[in-house]
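Residue numbers begin at 1 in each chain, while the letters A, B, ... track the order of the sequences.
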2 protein chains.
Amino acid sequence: MIAETGLDTVTVSRTAARAGMSVGLVQHYFRAKDDMLLHAFQEVSTEVAERVAGVVREGATHRRTIADVLLDALAEHLPLDEPRRAEFRVVRAFAGRALDSPALAEVDARTAEATHAEIARAVRNGAECGEVGPDVDADTAATRIASVAEGLATRVYRGAPGVADHARAALRAELGTVFTGRCRQYEG
Amino acid sequence: MIAETGLDTVTVSRTAARAGMSVGLVQHYFRAKDDMLLHAFQEVSTEVAERVAGVVREGATHRRTIADVLLDALAEHLPLDEPRRAEFRVVRAFAGRALDSPALAEVDARTAEATHAEIARAVRNGAECGEVGPDVDADTAATRIASVAEGLATRVYRGAPGVADHARAALRAELGTVFTGRCRQYEG
DNA sequence: GTAATAATCGTATGTCCGTATGGTTATCTG
DNA sequence: CAGATAACCATACGGACATACGATTATTAC
């Protein structure tokens, strides 16, 4: 419902109707509406996180380069198809409310921090294995990569002509400035 | 009021009270509440745009490098002090609503496009004058720079420790990957 | 089997809000 | 000065919504 018509068209009674239950039952599960929305935000956040984790796991088993796996993981956040656009709308709507709700802000901050940490870890792993030069600061690089990914997502969603087509390439180029080498385990 | 307590605590009557006038007078100026909010969004958007334009004008008269002026212009969007944090809250709150309001979305898209165009223009000017290499695509570079700026703003606002301190440096480093040369008019 | 707990419903209540209405006063214009 | 337009106010109306409440049925546990 948030993806379809926005957060402020979500009412308790509409939610109940959509779930095929009564208002009273919704109240039985959530003390207050805010609790319900917070739960929804947590749920969608972990959903995204788990999907990304799946991409990473898949990439690891197929022994792909860290840069390639990271690219797929980051691209998972880009609103390039309809389900991801819907997800984007939900997350952004919550992010807007998070400006004035500590509870939502904490979820927002936690997931952002987790993303940053994962990217930084990828960079450090890359440095250990040879894909990343030894003079690269992992946290600085992670901040930049996360920022580009986030900013690109916004631009893709807004649909400036041509951005969507090149978003993935732009992300790859950005990663290319950090992942400059090749993993030693792949060399002869 | 939006900056203080968020968009959804803004009611017509509270707005009237804050402006020291009656509800009726607010209605005299705005046919509907949404018109009022749209006006507010347009106002804050042009306010930011004009401040940035001022920075650019100031930089041009002092004959500073394009990269330096652009850095100041972009840094103007970072929520590094309280007024700018307030501005950020307002813009982001509206951006959240813009997901479901075509009128707000148009303002959002227009200002984003204007920012992108200004950055691209700076890059092209840089190429003409020698600060930027001739093989750089201005639009691609602008997309990346705008994305980093936007993403950094989010991260600065969220206040991850240490990000604020290095945000300006990160921005400068990003510009440094595009503005690699020196303007010919400064050379002997 | 019974007591307790969970699931489930329908409705009532009180509040808040956007907008409509009808009016009065000031300001400008010719 | 007359008349029109703009500035301005108080209040009423109607709707929507979050939550409270009281009740009923199903499920579980002892």
Side-chain angles (χ1 to χ4, degrees), chain A residues 1-47 86-87 89-109, chain B residues 1-47 86-87 89-109:
Chain A
M1 287 171 63
I2 298 168
E4 285 170 11
T5 49
L7 244 179
D8 40 29
T9 74
V10 175
T11 78
V12 174
S13 83
R14 261 195 276 269
T15 306
R18 187 64 168 265
M21 58 173 70
S22 71
V23 171
L25 187 51
V26 173
Q27 292 178 300
H28 178 69
Y29 288 111
F30 299 104
R31 189 186 311 272
K33 186 194 181 187
D34 281 355
D35 296 345
M36 180 179 79
L37 294 179
L38 177 61
H39 179 79
F41 190 24
Q42 287 170 330
E43 190 131 294
V44 69
S45 295
T46 62
E47 198 179 295
E87 210 172 63
R89 274 195 293 278
V90 175
V91 171
R92 284 298 164 110
F94 275 121
R97 306 305 168 103
L99 293 163
D100 301 287
S101 155
L104 295 179
E106 206 204 318
V107 175
D108 186 43
Chain B
M1 287 170 62
I2 298 169
E4 285 170 11
T5 50
L7 244 179
D8 41 28
T9 73
V10 175
T11 79
V12 175
S13 82
R14 260 195 276 268
T15 307
R18 187 63 168 266
M21 57 173 71
S22 71
V23 171
L25 188 51
V26 173
Q27 291 179 297
H28 179 68
Y29 288 111
F30 298 104
R31 191 185 309 273
K33 187 195 180 187
D34 281 354
D35 297 345
M36 180 178 80
L37 294 179
L38 177 61
H39 179 80
F41 190 24
Q42 288 170 329
E43 190 132 295
V44 68
S45 296
T46 62
E47 198 180 295
E87 211 171 62
R89 275 196 293 275
V90 175
V91 170
R92 285 298 165 109
F94 274 121
R97 307 303 170 103
L99 294 164
D100 301 288
S101 155
L104 294 179
E106 207 204 316
V107 175
D108 186 43

Q: Would you mind listing every side chain to side chain donor-acceptor pair (under 3.5 Å) that reaches into residues 14-26 of chain A, with sequence neighbours excluded?
A: A:Glu4-A:Arg18
Q: I need the full list of salt bridge (Lys or Arg N to Asp or Glu O under 4.0 Å) pairs touching residues 22-47 of chain A, with sequence neighbours left out, sorted by first then second residue.
A: none
Q: Just to verify, what does B:Asp8 make a salt bridge (charged side-chain N to carboxylate O under 4.0 Å, His left out) with, not counting sequence neighbours?
A: A:Arg97, B:Arg97
Q: So how far is it from A:Phe41 CZ to A:Leu37 CG, rounded to the nearest 0.5 Å?
A: 11.0 Å
Q: When rounded to the nearest 0.5 angstrom, what distance separates CD in A:Gln27 from CE in A:Met21?
A: 12.0 Å
Q: For A:Asp108, check side-chain hydrogen bond (donor to acceptor under 3.5 Å, both in side chains) against everything at least two apart and list the hits.
A: B:Arg158
Q: Quick one, which residues of residues 28-43 of chain B touch DNA chain C with a heavy atom under 4.0 Å?
A: B:Ala32, B:Lys33
Q: Quick one: salt bridge (charged side-chain N to carboxylate O under 4.0 Å, His left out) partners of B:Arg89, sequence neighbours excluded?
A: B:Glu82
Q: At a cut-off of 3.5 Å, list every protein nitrogen or oxygen paired with a nitrogen or oxygen from nucleotides 9-12 of chain D, distance to 0.1 Å.
A:
unit_1: D:dC9; atom_1: OP2; unit_2: B:Ser22; atom_2: N; d: 2.9
unit_1: D:dC9; atom_1: OP2; unit_2: B:Ser22; atom_2: OG; d: 3.2

Q: Measuring from atom CZ of A:Arg92 to atom CG of B:Asp100, what distance do you get when rounded to the nearest 0.5 angstrom?
A: 13.5 Å
Q: Between protein and nucleic acid, restricted to nucleotides 25-29 of chain C and to nitrogen or oxygen atoms under 3.5 Å apart, what atom pairs and distances do you find?
A:
none

Q: Could you list the residues that satisfy side-chain hydrogen bond (donor to acceptor under 3.5 Å, both in side chains) with A:Glu87, not counting sequence neighbours?
A: A:Arg51
Q: Would you please name every residue forming a ring-ring contact (aromatic ring centres under 6.0 Å, His included) with A:His39, sequence neighbours left out?
A: A:Phe30
Q: side-chain contact (heavy atoms from CB on, under 4.5 Å) with B:Thr9: which residues, sequence neighbours excluded?
A: B:Thr5
Q: Out of A:Val91, A:Val10, A:Val44, which residue meets the side-chain contact (heavy atoms from CB on, under 4.5 Å) rule with A:Ile2?
A: A:Val10
Q: Using five pairs at each end of the helix from C:dG1-D:dC30 to C:dG30-D:dC1 to define an axis, what is the angle between those two axes, to 10°?
A: 20°
